[in-house]
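Below is one structure, written out as structure tokens; comments come after it.
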Amino acid sequence: GDYDINDTSYGVIDNNIIISGGTIKGDIYGGYWKGCAFYNKVDISNGIFEGSIYGNYSEGNGSTERTDNACIFKENNSVSITGGTFNITKDTVFAAVYDVATNYDTVTGNDLDISRGFYYNTLSIKGGTFNIANGVNLSIYGIYSKLGDTGGNNKIFIENVTLKANVYGGYSEAGNANGNVVNITNSTITGNVYGGYSVSGDVQNNTVNITGGKIVGNVYGGYSESSTAQVSGNTVNVSGSTDTAEATFRNNYKPGLMTSARPPMMSARPPMTSTAPVSSAAPDAVTEPETELTLGPTAPTEELAEEPAA
């Protein structure tokens with residue numbers, strides 16, 4: 001896809017990477033830019049892969065280079081995996097959007113608000129074989145943001161696969177994580193699942209829907225590391241013949257609500273990666289009472305939206 005880390009005039013738009021075979025040992029980017037990113041897609045149906053996969057990846061220092069017409073939004077980017085073999089031997093990220101740009105707070109001349117910048121990004125895994133080495137972490141994000149809020153309507157769909165991974169509908173280090181959705185159907189997930197996760201911000205109105213399959217780990221509708229955060233309106237729905245014998249569930253979590261602890265299935269925070277370092281490990285995940293678990297029908301699974309005609 002497009003790569004332009006210096007041009008701040010607008011963004012990268014409508015880039016498609018389609019892979020149906022071959023071997024790729026490096027990382028894959030639908031778009032790579034610090035500014036706006038719309039409709040960048042990575043579609044994988046077959047092949048052998050050894051790196052991270054991003055619908056759009058953003059980095060750099062935005063504050064000193066944003067001008068009157070600068071753009072910082074990330075919307076409608078996607079990653080779709082329907083087949084292939086993924087040999088994961090180092091900490092790896094799959095993300096519709098992975099944004100580690102800094103100092104967006106000093107955008108000038110246009111009243112842009114980074115809190116509104118991340119919407120409708122989708123990551124879908126509906127096939128493939130995932131060979132994950134011992135001691136290696138795979139982190140899956142609808143949206144990862146270092147500074148901004150995760151917006152809303154960022155979604156993950158996982159169907160008919162076996163994965164050892166932590167899954168985040170929306171993740172923010174310094175902002176809020178609101179209105180994100182994770183749908184898991186007939187899959188075995190070993191790891192923690194979060195509708196929304198924030199290190200320091202609020203986490204509200206996120207949803208995790210699980211139908212069938214097996215979960216080995218902790219499942220949270222919303223999780224904040226901040227004891228002063230607003231954590232509410234998050235929901236975990238479990239239906240069908242889901243094996244939950246080795247799972248724990250909580251709609252809402254923040255420090256101070258903890259009642260008991262156990263060693264985590266996997267670390268709560270995302271791993272360090274070769275291209276995008278993140279912060280140090282979080283406190284252990286916890287076992288929470290199951291009384292807040294919402295049992296009911298799973299929300300209908302939505303398919304990836306079609307790209308608007310040119």
Side-chain angles (χ1 to χ4, degrees), residues 1-2 12-24 26-33 37-58 74-88 92-99 118-132 138-144 150-151 153-163 165-171 180-189 193 195 208-211 213 298-310:
D2 273 4
V12 290
I13 302 171
D14 278 330
N15 298 288
N16 294 314
I17 294 179
I18 300 172
I19 302 172
S20 58
T23 298
I24 298 177
D27 297 338
I28 299 170
Y29 304 88
Y32 191 129
W33 198 63
F38 300 105
Y39 297 103
N40 299 296
K41 296 183 178 182
V42 176
D43 293 325
I44 296 173
S45 59
N46 203 357
I48 299 173
F49 306 90
E50 298 181 6
S52 294
I53 302 170
Y54 307 95
N56 187 79
Y57 181 95
S58 302
K74 313 290 189 303
E75 298 178 3
N76 291 290
N77 301 284
S78 65
V79 171
S80 175
I81 298 171
T82 56
T85 299
F86 301 82
N87 298 319
I88 298 172
T92 297
V93 169
F94 294 170
V97 171
Y98 199 90
D99 186 286
F118 303 92
Y119 285 94
Y120 308 112
N121 302 289
T122 304
L123 186 141
S124 173
I125 301 175
K126 298 184 178 181
T129 300
F130 301 86
N131 304 314
I132 303 173
L138 171 62
S139 296
I140 297 173
Y141 303 94
I143 166 72
Y144 175 100
T150 64
N153 287 302
N154 302 294
K155 296 181 179 180
I156 292 177
F157 300 95
I158 298 175
E159 297 182 13
N160 303 312
V161 296
T162 297
L163 288 169
N166 283 336
V167 179
Y168 307 83
Y171 183 109
N180 306 288
V181 179
V182 175
N183 293 312
I184 300 174
T185 305
N186 296 327
S187 297
T188 297
I189 306 296
V193 179
V208 177
N209 297 311
I210 301 173
T211 303
T298 300
T301 298
E302 299 180 22
E303 297 298 329
L304 289 175
E306 293 294 330
E307 182 179 354

Value rounded to 0.5 Å, distance of [atom1] in [X] from [atom2] in [Y]:
X: Lys41; Y: Ile17; atom1: NZ; atom2: CD1; answer: 13.0 Å
X: Ile19; Y: Ile48; atom1: CD1; atom2: CD1; answer: 12.5 Å
X: Ile81; Y: Lys126; atom1: CD1; atom2: NZ; answer: 12.5 Å
X: Thr188; Y: Ile158; atom1: OG1; atom2: CD1; answer: 11.5 Å
X: Asn166; Y: Leu138; atom1: CG; atom2: CG; answer: 8.5 Å
X: Ile156; Y: Asn180; atom1: CD1; atom2: CG; answer: 8.5 Å

Backbone of [Y] reached by a side-chain donor or acceptor of [X] within 3.5 Å:
X: Asn183; Y: Phe157; result: no
X: Asn153; Y: Tyr120; result: no
X: Asn154; Y: Asn121; result: yes
X: Asp43; Y: Ile18; result: no
X: Ser187; Y: Asn160; result: yes
X: Ser124; Y: Ser80; result: no
X: Asn77; Y: Asn40; result: yes

Side-chain heavy-atom pair Leu123, Phe94 within 4.5 angstrom cut-off: yes
Contact check, side chains of Val167 and Val208, non-hydrogen atoms, under 4.5 Å: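 Contact flag for Val167/Val208 side chains = no.
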Working for side-chain contact (heavy atoms from CB on, under 4.5 Å), residues Ile28 and Ile44: CA-CA 10 Å; Ile28 299 170; Ile44 296 173; 4.2 Å; yes
Closest heavy-atom pair and its distance - Ala96, Thr122: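 Closest approach of Ala96 to Thr122, heavy atoms only: CB-O, 3.4 Å.
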Considering all heavy atoms, the nearest Tyr32-Asn56 contact: N-OD1, 3.7 Å
Option passing side-chain contact (heavy atoms from CB on, under 4.5 Å) with Glu159 (candidates Thr211, Asn186, Thr185):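 In the set Thr211, Asn186, Thr185, the residue that makes a side-chain contact (heavy atoms from CB on, under 4.5 Å) with Glu159 is Thr185.
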Parallel, tilted or perpendicular: rings of Tyr98 and Tyr141 (30°, 60°):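 It falls in the perpendicular class, over 60°.
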Aromatic ring pairing Tyr29/Tyr57, orientation class (parallel under 30°, perpendicular over 60°, tilted between): perpendicular
Stepwise side-chain contact (heavy atoms from CB on, under 4.5 Å) test for Val93 and Tyr54: CA-CA 8 Å; Val93 169; Tyr54 307 95; 3.8 Å; yes
